[in-house]
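Both counts, for ligands and for their atoms, begin at 1 and track the order of listing. Atoms considered below: every heavy atom in the structure, side chains included; atoms not considered: hydrogens, waters and symmetry mates.
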Amino acid sequence: MAVRFDVITLFPELFAPFQTVGVTRRAFETRAVDVRLWPLRDHAEGVYRRVDDRPFGGGPGMVMLVEPLVRCLSAIRASQQADGAERLPVVLFSPAGKPLTQQRVEALAASPGAVLLCGRYEGIDQRFIDTFVDEEISLGDYVLSGGELPALTLMDAVARLQPGVLHDAASHQQDSFSDGLLDCPHYSRPEVLALPVREGGEPAEQPVPPVLLSGHHAHIARWRREQQLAITARRRPELIEAARARGELSKKDEDFLRGLTL
Ligand code: SAH
């Protein structure tokens with residue numbers, strides 16, 4: 001079933017590249033991810049088509065006005081109803097939101113979709129948020145100039161989970177976080193490279209880890225699992241704890257982790 005995203009934005013042109021290249025283009029063309037752009041300016045009124053104004057109480061920057069947002073959301077609700085779609089929840093991108101995780105992406109990918117609200121300027125009049133927003137999502141502890149990149153990020157992550165969008169269906173099951181661990185390293189041809197260990201150094205022979213050439217699937221799977229455990233334990237120990245708490249570490253995994261120097 002397709003996932004539908006109704007995106008409210010002041011800069012719809014930022015979404016064009018997403019629609020024309022790579023995996024996301026395929027998701028778009030096949031409508032596996034059905035993206036509808038709603039330019040907020042279309043719902044502004046008056047000669048100046050205002051969508052923002054100065055903040056009460058003073059201070060720098062501008063605030064997005066409630067009224068154009070309400071009109072835009074009404075148009076979206078009407079369109080969802082006309083298409084027989086569900087009333088999709090409204091997601092606002094904000095540094096004050098809950099950090100986006102693969103778990104949340106997977107849940108959204110399996111859902112009918114959402115209305116994605118991209119903020120600009122200092123943000124949105126709080127009264128709109130209180131009345132209409134169901135969930136706030138953050139990309140991380142830094143400030144962007146708008147919610148468009150977060151919306152693209154979310155839709156990209158959802159798109160690659162749709163059946164038939166990645167060439168190899170198993171591909172995302174191998175990714176970081178899909179089993180709660182970081183991904184293992186990957187190697188391709190040639191088997192041996194003459195390459196300095198660090199840029200600028202003397203060339204040395206760098207072979208691919210031999211187990212990957214062994215053709216022994218069980219050994220390869222075990223090696224990859226251990227690489228995942230090692231990199232996760234070193235870089236994101238809290239993910240190891242979480243996997244342990246979910247009962248996803250085998251005795252073999254625990255033995256390996258005990259022998260690991262961090
Ligand atoms: N004054 C706000 C920042 C506004 S930035 C504050 O200090 O929190 C303008 C818009 O960019 C926001 O409304 C939001 O939609 C988006 N944005 C900026 N940083 C973000 C982040 N880390 N995660 C998600 N959205 C973000």
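- Proximity of Ala96 to ligand 1 is not established, as no heavy-atom distance is less than 4.0 Å.
- The pair Glu226-Arg222 counts as a salt bridge, with a side-chain nitrogen and a carboxylate oxygen less than 4.0 angstrom apart.
- Side-chain contact, Asp156 with Thr153: no donor N or O sits under 3.5 Å from an acceptor N or O.
- Atoms of ligand 1 lying under 4.0 Å from at least one heavy atom of Pro150, given by number and element, are 24 (C), 25 (N).
- Cluster membership for Leu92 and Phe132, using ILVMFWY side-chain heavy atoms within less than 4.5 angstrom, is shared.
- A donor-acceptor contact under 3.5 angstrom links the side chains of Arg77 and Gln80, judged on distance only.
- Using a cutoff of 4.0 Å between basic side-chain nitrogens and carboxylate oxygens, Arg244 and Glu254 are scored as salt-bridged.
- Between Asp130 and Arg127, no side-chain nitrogen of the basic residue sits less than 4.0 Å from a carboxylate oxygen of the acidic one, so the salt-bridge criterion is not met.
- What sits closest to atom 3 (C) of ligand 1 on the protein, heavy atoms only, is Val143 CG1, 3.9 Å.
- A 4.5 Å side-chain heavy-atom check between Ile240 and Leu181 finds at least one atom pair inside the cut-off.
- Taking every non-hydrogen atom of Ser138 and a distance limit under 4.0 Å, the qualifying atoms of ligand 1 come out as 22 (N), 23 (N), 24 (C).
- Taking only nitrogen or oxygen atoms, main chain and side chain alike, Gly123 does not reach within less than 3.5 Å of ligand 1.
- Among all non-hydrogen protein atoms, the one lying nearest atom 13 (O) of ligand 1 is Gly119 CA, 3.4 Å.
- Nearest protein heavy-atom neighbour of atom 5 (S) of ligand 1: Leu144 O, 3.2 Å.
- Annotation for ligand 1: atoms under 4.0 Å from non-hydrogen atoms of Gly147 are 11 (O), 15 (O), 16 (C).
- Relative ring orientation between Trp38 and His43 is described as tilted, the plane-to-plane angle lying within the 30° to 60° band.
- Side chain to side chain, Arg4 and Ser79 meet the donor-acceptor criterion of an N or O pair below 3.5 Å.
- Near Ile137, meaning under 4.0 Å from any of its heavy atoms, are these atoms of ligand 1: 24 (C).
- The single protein non-hydrogen atom nearest to atom 15 (O) of ligand 1 is Phe93 O, 2.6 Å, given as residue, atom name and distance.
- Taking atom 24 (C) of ligand 1 as the reference point, the nearest protein heavy-atom neighbour is Ser94 N, 3.4 Å.
- At the top of the distance list for atom 9 (C) of ligand 1, counting protein heavy atoms only, stands Tyr121 O, 3.2 Å.
- Atoms of ligand 1 lying under 4.0 Å from at least one heavy atom of Gly140, given by number and element, are 22 (N).
- Classification of Lys252 and Asp255 as a salt-bridged pair fails, no side-chain N sitting under 4.0 Å from a carboxylate O.
- Glu122 O, 3.4 Å is the protein heavy atom nearest to atom 2 (C) of ligand 1.
- Atom 8 (O) of ligand 1 has as its closest protein heavy atom Pro95 CG, 3.4 Å.
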